[in-house]
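One structure is given here, and the rest of the page talks about it.
Count residues from 1 along the sequence. Since this is a predicted model, take the numbers as computed values, not measurements.
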Amino acid sequence: MIKLVKNCYFDKNSPEIIYLTKKDKHLAKVIDMIGPLQYQLISDSYHFLIHEIIEQMLSKKVALILDKRLTETCQGEITPQSIAQLTNEQIHQLGISKPKVTYIKNLTVALTCKKLELKTLNTLSNKQVIQKLTQIKGIGNWSAKMYLIFALDRRDVLPFEDGAFLESFRWVYKPKDSSVKSIQKKCQKWHPYTSIAARFLYKAQDLGLTKTPFHLFK
């Protein structure tokens, strides 16, 4: 399991929620349906990135199974040191594809050789964090944005690359145009709390709300 730290809590009296509900009546309805939002931040940055590599193009359920296998193989803790001791074949035998094994090793080498230092990412802008992370082959914009939102708790990130976000977005707004440019324009009103808005859309999916039609005035 990825380690968690720091509780974050938002309800109808939070300045961020007051702002979002005034700016977007559709999102306000979603927030009302969900109620208070509470989450914990990821504290184990390396393990989180490994998990994101594993989860690429897979369901959350399958990714969790593979993550658990890898954690057990690493004697309960996924670290650069424990991964470095494993051969590519050992990781592949757990059910992780060969390209992803290479990506996992790429990240591990980058950290052990100090090409990348995760602790320093806290001091960088969102754009700089994405630039740093995507220099590692196997980490794209999607993984970098997940890191910004769930590990660094950056509040103004739009994860338009994420399938779960897009599913919830379409559920609420029923857009005729789902292009990146159109989504960015639609979500501009969430600034500077874009990530919090996105978290409510994620929560809606987690709760199964997206399985029934969204009605603004019902």
Check: [Y] and [X] side chains under 4.5 Å, non-hydrogen atoms:
{"X": "Ser143", "Y": "Leu133", "result": "no"}
{"X": "Ile96", "Y": "Ile53", "result": "no"}
{"X": "Leu107", "Y": "Ile50", "result": "yes"}
{"X": "Cys8", "Y": "Leu41", "result": "yes"}
{"X": "Leu27", "Y": "Tyr173", "result": "yes"}
{"X": "Tyr103", "Y": "Ile136", "result": "no"}
{"X": "Ile18", "Y": "Lys12", "result": "no"}
{"X": "Leu207", "Y": "Tyr202", "result": "no"}

Pairs under 3.5 angstrom only: tabulate donor-acceptor contacts from the side chains of residues 183-191 to other protein residues two or more places apart or in another chain.
from   : atom 1 : to     : atom 2 : distance (Å)
Trp190 : NE1    : Asp24  : OD2    : 2.9
His191 : ND1    : Asp156 : OD2    : 2.5

List the residues meeting side-chain contact (heavy atoms from CB on, under 4.5 Å) with [X], not counting sequence neighbours, and say none if there are none.
{"X": "Gln81", "result": "Thr79"}
{"X": "Tyr19", "result": "Lys23, Pro192, Tyr193"}
{"X": "Ala63", "result": "His51, Ile54, Glu55"}
{"X": "Gln38", "result": "Asn7, Tyr9"}

Distance to the ring centre below 6.0 angstrom and angle to the axis at most 45 degrees; does that hold for Lys29 and Phe214? yes

Could you tell me whether Asp153 and Arg155 make a salt bridge, using a distance below 4.0 angstrom between a side-chain N and a carboxylate O?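 Salt bridge between Asp153 and Arg155, a charged N being under 4.0 Å from a carboxylate O: yes.
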
In Å, rounded to the nearest 0.5 Å, how long is the span from [atom1] of [X] to [atom2] of [Y]?
{"X": "Lys203", "Y": "Met33", "atom1": "NZ", "atom2": "CE", "result": "13.5 Å"}
{"X": "Ile83", "Y": "Ile78", "atom1": "CD1", "atom2": "CD1", "result": "5.5 Å"}
{"X": "His92", "Y": "Ser97", "atom1": "NE2", "atom2": "OG", "result": "8.0 Å"}
{"X": "Asn106", "Y": "Leu116", "atom1": "CG", "atom2": "CG", "result": "12.0 Å"}
{"X": "Phe165", "Y": "Arg199", "atom1": "CZ", "atom2": "CZ", "result": "13.0 Å"}
{"X": "Ile31", "Y": "His26", "atom1": "CD1", "atom2": "NE2", "result": "13.0 Å"}

With [X] via side chain to side chain donor-acceptor pair (under 3.5 Å) - residues at least two apart:
{"X": "Gln135", "result": "none"}
{"X": "Ser168", "result": "none"}
{"X": "Trp171", "result": "none"}
{"X": "Tyr147", "result": "Ser45"}

Nearest atoms (heavy-atom pairs only) where [X] meets [Y]:
{"X": "Lys145", "Y": "Pro159", "result": "CD-CA, 4.1 Å"}
{"X": "Thr108", "Y": "Pro80", "result": "CG2-O, 3.4 Å"}
{"X": "Ala197", "Y": "Leu20", "result": "N-CD1, 4.0 Å"}
{"X": "Val157", "Y": "Leu148", "result": "CG2-CB, 4.0 Å"}
{"X": "Ile139", "Y": "Ala144", "result": "CG2-N, 4.3 Å"}
{"X": "Ser82", "Y": "Leu86", "result": "O-CG, 3.5 Å"}

Please assess Leu201 against Val172 for the test side chain to side chain contact (heavy atoms under 4.5 Å, CB included), listing each intermediate value before the final yes or no. CA-CA 9 Å; Leu201 295 189; Val172 175; 3.9 Å; yes

Is there a path of hydrophobic side-chain contacts, each under 4.5 Å between heavy atoms of I/L/V/M/F/W/Y residues, joining [Y] to [X]?
{"X": "Phe48", "Y": "Met57", "value": "no"}
{"X": "Leu94", "Y": "Val101", "value": "yes"}
{"X": "Val109", "Y": "Leu121", "value": "no"}
{"X": "Ile149", "Y": "Val180", "value": "yes"}

Derivation of the side chain to side chain contact (heavy atoms under 4.5 Å, CB included) call for Leu152 and Ile42: CA-CA 8 Å; Leu152 298 185; Ile42 304 298; over 6 Å; no

Let's go through Leu66 and Arg69 carefully: what are the C-alpha distance in whole Å and the side-chain angles of both, what is the deciding distance for side chain to side chain contact (heavy atoms under 4.5 Å, CB included) to 0.1 Å, and is it a yes or a no? CA-CA 5 Å; Leu66 297 178; Arg69 290 176 186 172; 3.6 Å; yes

Only pairs at least two apart or in different chains count here, so list each side-chain hydrogen bond (donor to acceptor under 3.5 Å, both in side chains) that has a residue in residues 112-132.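 Output for this query lists Ser125-Gln128, Asn126-Arg154.
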
Determine which pairs satisfy side-chain hydrogen bond (donor to acceptor under 3.5 Å, both in side chains) with at least one residue from residues 204-213, sequence neighbours left out, and list them in order. Glu167-Gln205

Any side-chain to backbone donor/acceptor pair from Ser14 onto Ile17? Under 3.5 Å, distance only. no

Residue pairs, two or more places apart or on separate chains, that pass salt bridge (charged side-chain N to carboxylate O under 4.0 Å, His left out) and touch residues 86-103: none

I would like to know whether Thr71 and Cys74 meet side chain to side chain contact (heavy atoms under 4.5 Å, CB included); could you show each step before the answer? CA-CA 5 Å; Thr71 302; Cys74 292; 5.8 Å; no

Can you tell me if NZ on Lys174 sees more than 12 non-hydrogen neighbours from other groups inside 6.0 Å? yes

